[in-house]
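Below: one structure, written as structure tokens.
In what follows, every chain begins at residue 1, and chains take the letters A, B, ... in the order their sequences are listed. Keep in mind that the numbers below use all heavy atoms, side chains included, and drop hydrogens, waters and symmetry copies.
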Amino acid sequence: MTSKYETEPKGYTMTTVMQEAARCLLCEDAPCSKACPAHTNPAKFIRSVRFRNVKGAAETIRENNALGAICARVCPTERYCESACTRAKIDGPIDIGGIQRYVTDMERKENMQILHAGKENGMNVAIIGSGPAGLQAAATLRQKGYGVDIYEKNAKAGGYLTYGIPEYRLPEAIVDYEVQRIVNLGSNIKYNVAVGKDITMDDLKAKYDAVIVAIGASAAKTIPMFEHNICTESAISFLARAKENKGKLDDLPDNVLVIGGGDVAMDVVTTLKKLGVTHVTDMVYEEFSEFKASKKELEGAQKEGVTIVDGYVPTDVRQNKVTFKHRKIDSEMTITADKIILAIGQKVDADGLNIDIQHNEIPFRKVRFHTKDPKVFATGDIVDGDKTVVYAVQKGKEVAEEIDRVLGGQDND
Amino acid sequence: MIKKDLSIDSLGVHFENPFCLSSSPVGNCYEMCKNAYDAGWGGIVYKTLSPDHFVIDEVSPRFSQLTKEDTPFVAFKNMEQLAEHPMAQDLADMRRLKKEYPDKVLIASIMGETPQDWTNLAKLVTEAGADMIELNFSCPQMTSHTMGSDVGTNPELCKTNCEAVKKGTNLPVLAKMTPNIMTMIPVVKACLEGGADGVSSINTVKSITDIDLDNKVALPSINGKSAVSGLSGKAVKPIALRFLQQIRSAAGLEQLPVSGIGGIETWEDAAEFILLGASTLQVTTAIMQYGYRIIDDLTNGLMHYMDEQGVDHLKDLVGIANKNILPTNQLDRDYKVYPKIDWDKCIGCGRCFISCQDGAHQAMGWDDDKRLPTFDKSKCVGCQLCALVCPVGAIKLGLVEMKPGRKGDPAKVDASTFQLPNAEN
């Protein structure tokens, strides 16, 4: 039997997706489409579903978003398209993510090949990192006829999609499928190659017409008092282990304390519960009114029975005992746990890449995506803007457009 | 719970309520009819009996449906013909039903091939205890051209068969009409001349619901082939109401007893048929989809409607809408009425704008910044398409104006009937 950790929620059927699509008001100048950071145009693909043209719907999604099946599952739609949905003024927004998942599932079942490589223009681009921004940049560049090599330091592509987001939210098979599409476009992924270590930045600059740094924020942040605590693991380390082992972790105790209140923290606590941990306590810096995690993920965690305490900061740790103080009221509590997981954010590890990083982003420049080196571009989470998959996709598209503008490849379009 | 008298007399027969099963798969044997009576149906038109020499041999599968968005059974197509039990068994079932349910109405539906068949069948069902006989001149999927809807489009044949029936019975006789005809009136009149006492209308509409796009065959596919056959369900209701009006507005037929059939699902559908002149009602498709239990809301809903209307007897509602349906050339064309937008209700979806731009007269505009429709009265013709497409009922009928050069007082235009079907109040 598939474990809870490995089970995705049920998707729509033809009948139920039609019910949802029929709720859509098919607005003039639809606000949902304007609110999609990746311009995925939900109004158009929902209209296609309503008029029973699922293949047309798949084209609309895929042509705008090389990771359409992934975004369908992990995009915090409540913050983007669904927040703008006119139907919310009657009852609730259309489940746009759910409809997108149905359409991309059908695209997969029908084995549709929507994106095609452009005529080769003789120029080549190296991309460092195969997270969502790197993958989308590769897809866009391939469609424009650039040769693309992706350098991935890990054994699998996808970055946080593969090593972070839990299986029940984003099955690895879906990521593999989307990566394969991009490989099928002619992108070449070089696995287990760390730029700055196995190959130098100068080598890349010599070999390619442009280099894109799409490394994301892959290192865990910590708090000094936890640095040498043997009971503590970082969220990204825990999530990666869970994903790699399909949830089969044999070192899980019965009482885990998690610190952090973002989407990553929600992934951690929900995963712990799904893996059978009885007591999962999440201490969160923000109060609920200022919560960072998406409502959907918070609700998922609450549904699993996670104890979430808001407004507390850790003040002391002794082995497995952590003392917290409320930020605003006079309140203190000490929690003893068998394991502590820190989910307080990530930072950029750009060692050996010779690229300026300040506060986990490249310095702001008037023309986005440029670095101090005219040949080196940046994209994804190290560029200003939201740190969500859908934003990474859009930044991936935009950095490819910018490179195309600089290199003049559009002459071949 | 509300209690109103739903009983009605038609052709000398007393119905405890006007709701009957129509002659179809839903009343095909003793057990089914018993269950329907127990559920509360007032009458049953037992599935059509035919002479034993006409062999009923059905196809499989035999149904298909028309859908829209997520709505199934918008219309329903069937290829079933008549009762397929040996006639003796059906007659025994009818006898037993009448004995156990003496106060419920049992109508026998029959279909013969020759006048002699019709006489014999009439005799047999009369002996079995039926209260009334319905003549099936209208089944569109018979395998013989001397039976079914081909007969129902031929006034002479209908008259001859009615005469034959009358030789075999003294019971009241309803002739069941086919809608697959431009006008029913010559057929209705021929049936009455032949001795029929009233009509049932309508039987199913000849149809093809859909084509299997891969196999290039209509549905249902019977070993790779299909055929035109009868359509029923909600989508045929407008056609049924139109024929009902045609019959009841024909000279000399204004008081003709009619059993109304065609897409009845709700008490509202039922009330519509009654207002247009049906005194009894027949239902199949909704039962096939939902079961006999729909009778609960048909009867209860109709009682509440009578209560709202201040009516104690159902007969007082029969046909009172006929006079308000006129030939198009007799309608008042002197005024127009503009839409009125309730800005508190408007959610800014722009559907009125889209429909007015592409399907009407470009009176509705669109303010991009405010995301709200605008209205140019000078272009508006008062068609009210905008009100029909509004998903929140924010558009109502507003200002009434006489057309240039026309006489009349806008205030005297009867605004009480300005009810739009989707307006949520």
Practice task
Under 4.5 Å heavy-atom distance to chain A, tell me which part of B:I347 shows up: side chain, backbone, both or neither.
Solution key: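 Looking at B:I347, backbone and side chain both touch chain A.
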Problem - A:E107: side chain to side chain donor-acceptor pair (under 3.5 Å) partners, not counting sequence neighbours - result: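 With sequence neighbours excluded, A:E107 shows a side chain to side chain donor-acceptor pair (under 3.5 Å) to A:R62, A:R181, given in chain and number order.
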Output all donor-acceptor pairs under 3.5 Å across chain A and chain B; consider backbone as well as side chains.
from  : atom 1 : to     : atom 2 : distance (Å)
A:L25 : O      : B:R351 : NH1    : 2.7
A:E28 : N      : B:C349 : O      : 2.7
A:E28 : O      : B:R371 : NH1    : 3.3
A:E28 : O      : B:R371 : NH2    : 3.0
A:D29 : O      : B:R371 : NH1    : 2.7
A:R50 : NE     : B:E69  : OE2    : 2.7
A:R50 : NH2    : B:E69  : OE2    : 2.3
A:K89 : NZ     : B:I347 : O      : 3.1

Problem - Among the listed options A:I90, A:V49, A:L25, the residue most often paired with chain B at heavy-atom distances under 4.5 Å - result: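 Highest number of heavy-atom pairs under 4.5 Å: A:L25.
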Exercise for the section: Kindly give the heavy-atom pair with the smallest separation between A:L26 and B:I354, and that separation in Å. Expected result: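 Looking at all heavy atoms of both residues, the closest pair is O-CD1, 4.0 Å.
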